[in-house]
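This report concerns only the one structure given below.
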2 protein chains.
Amino acid sequence: MRAKPKTTQEEVLALLRVEILTGSLQPGQQIVQDLLAEKFGVSRVPLREALKILEGEGQVTHHLHRGYFVAELSINDLQEVYRLRAILEREAVTAAVSNITDRDLLAIAELAAQVRKATKSSEVLGITAANRAFHFAIFELSEMPRLVRLLRQLWDATDVYRSVYFTQAANRDRILLEHDEILSALSARSVARSIRWHDIHRDNSVASVSAVIAG
Amino acid sequence: MRAKPKTTQEEVLALLRVEILTGSLQPGQQIVQDLLAEKFGVSRVPLREALKILEGEGQVTHHLHRGYFVAELSINDLQEVYRLRAILEREAVTAAVSNITDRDLLAIAELAAQVRKATKSSEVLGITAANRAFHFAIFELSEMPRLVRLLRQLWDATDVYRSVYFTQAANRDRILLEHDEILSALSARSVARSIRWHDIHRDNSVASVSAVIAG
DNA sequence: TTCGGCAGGATTGTATCCAATCTGCTAGAT
DNA sequence: ATCTAGCAGATTGGATACAATCCTGCCGAA
């Protein structure tokens with residue numbers, strides 16, 4: 001038996017994220033509430049509330065009396081998201097370094113190891129999740145919950161496209177190396193190095209994702 | 001006759017914002033859906049969707065099977081919000097300066113004048129709205145819609161407390177002066193001066209609002 | 001071809017009912 | 001007297017059905 005979310009709308013929300021992430025719901029595509037509600041086996045009420053949440057995150061757009069559509073990301077949008085990530089992640093990393101304990105370092109190293117394991121298994125969804133867990137464990141150390149929430153929104157916005165990034169073997173190796181560097185910088189409590197490697201890591205990502213969007 | 005929002009949930013959303021802003025719904029207070037739905041003359045469904053939006057913005061919190069509560073802001077929360085605002089507004093102002101046209105300057109000057117007029121009338125809600133219009137007109141010039149959206153969320157989070165700021169006459173005069181300085185810096189296309197005066201403006205605000213929260 | 005209107009479809013809003021859960025009170029045990 | 005278990009009331013969460021509103025696309029007339 002699968003671990004069941006407490007409420008239907010949470011379950012629907014999780015399902016929607018997967019649908020969007022895996023491309024079952026493609027960018028620009030309309031979301032027909034009745035169809036999706038039936039597909040998920042729920043009524044429209046929790047579905048709409050989940051869609052409202054996604055709308056708030058910018059994952060879907062809403063046109064009055066026309067319904068919800070999966071958000072599309074232009075090159076400009078993408079660059080803006082990554083610019084904002086750069087600014088906010090620097091802040092998060094800076095705060096994280098000043099808070100980090102040896103215990104935290106162990107936990108993060110463990111998460112890095114899980115990313116490594118996930119890249120072996122070739123399962124994109126698993127790699128995405130592991131990668132996310134690794135990075136947000138670091139961001140969480142900032143002890144700035146609102147900052148983390150904003151970052152989560154920004155990551156969500158590009159998840160669809162970033163997942164393609166993980167499908168290429170060359171990228172996977174580089175990611176693992178960069179994670180090691182980040183971990184090393186954190187261990188040394190070096191803000192500058194931590195930020196630099198985050199920047200490098202992100203720049204490599206944006207380059208690949210831009211290529212995806214450009215076609 | 002007042003301009004009516006197109007959908008009921010938008011109307012409810014606007015009403016909720018006013019209720020929260022004016023303190024009819026006080027921080028920490030539970031929002032009883034049935035009562036409020038009846039008070040607004042709507043059913044619970046659009047009310048809940050409006051609450052979902054506010055939850056996404058962090059304006060209200062949600063506890064499972066216990067309902068919605070008006071969000072409370074701790075001193076730490078407040079400082080985090082203002083720290084994030086500082087970071088993001090600097091980015092927005094920088095981009096705005098590089099885009100600003102003479103036409104934009106006229107429009108912003110006009111908005112500044114409206115703030116001045118609003119302060120005369122002593123109506124807090126009006127001042128808040130005018131002030132917001134002034135600042136976001138500047139932020140919008142960044143042509144970074146997601147950045148503006150994040151800023152809007154951050155402003156919303158502290159609106160309740162900031163409105164108190166406007167009730168004090170001494171603050172009002174200073175605000176007007178600072179707006180003039182911002183306008184002057186923008187006219188000169190000086191990024192450094194624009195950022196500096198935004199920082200000063202914000203610092204004065206956070207000091208007052210902190211005092212309010214501290215009691 | 002273009003314009004106007006009409007029908008169909010989709011979303012939105014509402015009402016009602018039921019299930020799940022939380023809260024507070026009461027009764028019993030220690 | 002205090003603590004705990006459990007019951008009742010209240011509230012939220014969800015499902016379903018139906019009415020209302022609005023968009024879209026087609027069809028015919030000028």
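Residue numbers begin at 1 in each chain, while the letters A, B, ... track the order of the sequences.
Residue B:H65 contributes atom NE2, which lies 5 Å from atom C1' of C:dT21 at whole-angstrom precision. Going from atom CZ of A:R44 over to atom C1' of C:dA10 covers 9 Å, rounded to whole Å. Here the C1' atom of nucleotide C:dT21 and the OH atom of B:Y68 are 16 Å apart, to the nearest Å.
Of the listed nucleotides (C:dG13, C:dT14, D:dT12), C:dT14 has the atom at the smallest distance from the side chain of B:P46. Minimum atom distance to the side chain of A:S43 is reached by D:dG14, of the listed D:dT12, D:dG14, C:dG13. Here the nucleotide nearest the side chain of A:T7, chosen from D:dG13, C:dG13, D:dT11, is D:dG13.
Proximity of A:H62 to the phosphate of C:dT12: a side-chain N or O atom is located under 4.0 Å from OP1 or OP2. At the phosphate of D:dG14, OP1 or OP2 sits under 4.0 Å from a side-chain N or O atom of A:Q9. Applying the 4.0 Å criterion to OP1 and OP2 of D:dT24, one finds that A:R66 has a side-chain N or O inside that range. Remark: B:T8 is not in phosphate contact with C:dT12, judged by side-chain N or O atoms under 4.0 Å from OP1 or OP2. Look at A:R48 and you'll find a side-chain N or O under 4.0 angstrom from OP1 or OP2 of C:dG13. Taking side-chain N and O atoms only, B:Q33 has a distance below 4.0 Å to OP1 or OP2 of D:dG13.
Mapping A:V45 and A:G67 onto DNA chain C by nearest heavy atom places A:G67 at the nucleotide closer to the 5' end.
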Would you sort out whether A:E55 and A:Q59 count as a side-chain hydrogen bond (donor to acceptor under 3.5 Å, both in side chains), showing the intermediate values? CA-CA 6 Å; A:E55 186 192 2; A:Q59 293 270 81; over 6 Å; no
Starting from the C-alpha separation in whole Å, work towards a yes-or-no answer on side-chain hydrogen bond (donor to acceptor under 3.5 Å, both in side chains) for B:Q153 and B:E57. CA-CA 6 Å; B:Q153 284 182 25; B:E57 295 174 358; over 6 Å; no
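For A:D104 (side chain) and A:T101 (main-chain N/O), a donor-acceptor pair under 3.5 Å exists by modelled atom type.
Across all strands, A:I31 comes closer than 4.0 Å only to sugar-phosphate atoms, never to a base (heavy-atom distances).
Note on A:R44 versus A:E38: no salt bridge recorded, every NZ/NE/NH1/NH2 to OD/OE distance being 4.0 Å or above.
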